[in-house]
Amino acid sequence: LEIDFNGLRRRGPRTLAVFTIIGLLILGLSVFIAVRLGFPAIHGLALGAVSVGMPLAVLKETGHLRTPLGQVVLLVGSIGEFFTVIAMTLLDLGLRHGFTVGFIAGLLRLLGFLAVSALVLRLLVAVAWWLPEQFSGLVREHASEVGVRASLLVMAAFSVVAVMAGVEPIVGSFLAGALIAFVLRGK
C-alpha cells in the first residue's frame with residue numbers, strides 16, 4: 001500500500017473516523033443502488049472490492065499519489081475494501097448458517113482473528129522499533145526479493161490461520177498486506 005501512515009497519524013484519530021464513515025457510506029450506497037436496480041446485494045459489495053485498484057493506478061499514472069487528495073482517495077478506498085471483505089465474510093456466514101449459533105460462532109472467530117491480527121501488528125511494530133537492523137534487510141533496494149518473499153510468507157501464514165479460524169482466506173491476506181504496509185511504512 002502507498003498510504004502515508006505517518007501523515008495519517010499527524011492528522012489524528014478524528015480524520016481516520018471521518019474517512020471510515022465516508023468509506024462505510026460509499027459501501028452502503030453501492031449496496032443500496034445495486035438492490036434498487038434489482039441486483040443482489042453481493043453485486044453492491046463487489047463494487048467495494050475495486051475501490052483501491054483503479055484509483056491507485058490512475059493516481060500513480062498522473063503523479064497524484066503523494067498529494068493530499070491522492071492520499072485521501074487511497075485511504076478511503078482501502079477502508080472501503082476492508083469493510084467490503086468483512087461484509088462479504090458476514091454475508092457468507094449468514095448464507096451458510098442463517099442467524100443461528102453457527103453464525104455467532106463464525107462472528108466470534110472473525111473477531112478473534114481480527115484481535116490476533118491487532119496483537120501481531122503491535123508485536124511487529126515493537127520488534128521493528130527495538131531491532132531495526134533485522135527489518136532493514138526487507139526494505140533495502142537490493143534486497144527487494146527478500147522483502148517480497150517475506151511478504152508472501154506472511155500473507156500465506158495469515159491466510160492459513162484465517163482458514164483454521166473458519167474465516168475467509170482473503171481476510172487473512174488482506175490483513176497481512178495492511179500489516180506489512182504499516183510495519184514497513186518507513187521504507
Side-chain angles (χ1 to χ4, degrees), residues 1-31 33-34 43-89 114 117-118 120-122 124-129 132 134-159 162 168-187:
L1 290 173
E2 304 283 339
I3 296 173
D4 179 12
F5 287 107
N6 293 325
L8 180 61
R9 177 172 277 173
R10 284 190 299 273
R11 290 182 180 186
R14 176 175 276 179
T15 301
L16 181 59
V18 169
F19 292 162
T20 300
I21 291 168
I22 292 169
L24 286 170
L25 286 173
I26 292 170
L27 182 61
L29 184 62
S30 66
V31 171
I33 290 172
H43 289 185
L45 290 175
L47 287 174
V50 296
S51 58
V52 170
M54 298 283 283
L56 179 62
V58 171
L59 291 170
K60 274 187 177 180
E61 189 70 27
T62 59
H64 289 88
L65 186 60
R66 295 285 174 202
T67 65
L69 177 63
Q71 286 295 299
V72 168
V73 168
L74 191 59
L75 185 61
V76 169
S78 296
I79 290 169
E81 276 197 1
F82 174 74
F83 284 114
T84 297
V85 169
I86 297 300
M88 286 185 163
T89 301
L114 292 173
S117 299
V120 169
L121 172 64
R122 289 193 179 273
L124 285 177
V125 167
V127 170
W129 174 261
Q134 277 74 13
F135 277 83
S136 67
L138 298 176
V139 296
R140 274 184 260 143
E141 286 300 317
H142 68 278
S144 63
E145 291 177 11
V146 174
V148 168
R149 289 179 183 149
S151 297
L152 288 174
L153 176 67
V154 171
M155 284 188 216
F158 266 65
S159 293
E168 293 295 319
I170 189 69
V171 175
S173 294
F174 186 86
L175 287 175
L179 183 136
I180 291 165
F182 184 81
V183 171
L184 301 179
R185 69 187 179 272
K187 178 185 171 203

Could you pull out all residues at least two apart from Thr89 that satisfy side-chain hydrogen bond (donor to acceptor under 3.5 Å, both in side chains)? none
For [X] and [Y], work out which heavy atoms get closest and say how close.
{"X": "Ala162", "Y": "Pro169", "result": "CB-CA, 4.3 Å"}
{"X": "Gly70", "Y": "Leu59", "result": "O-CD1, 3.6 Å"}
{"X": "Lys60", "Y": "Leu65", "result": "CG-CD2, 3.6 Å"}
{"X": "Gly44", "Y": "Ala34", "result": "N-CB, 3.5 Å"}
{"X": "Gly172", "Y": "Phe158", "result": "O-CB, 3.2 Å"}
{"X": "Leu45", "Y": "Thr84", "result": "O-CG2, 3.0 Å"}

If you measure from [atom1] on [X] to [atom2] on [Y], what distance do you get to the nearest 0.5 Å?
{"X": "Leu75", "Y": "Thr15", "atom1": "CG", "atom2": "OG1", "result": "9.5 Å"}
{"X": "Leu74", "Y": "His64", "atom1": "CG", "atom2": "NE2", "result": "14.5 Å"}
{"X": "Ile33", "Y": "His43", "atom1": "CD1", "atom2": "NE2", "result": "15.0 Å"}

Taken in chain and number order and not counting sequence neighbours, the residues that satisfy side-chain contact (heavy atoms from CB on, under 4.5 Å) with Pro68 are Arg11
Excluding sequence neighbours, so at least two apart, what forms side-chain contact (heavy atoms from CB on, under 4.5 Å) with Leu24? Thr20, Phe83
Might you work through the side-chain contact (heavy atoms from CB on, under 4.5 Å) test for Ile22 and Ile79, ending with a clear yes or no? CA-CA 9 Å; Ile22 292 169; Ile79 290 169; over 6 Å; no
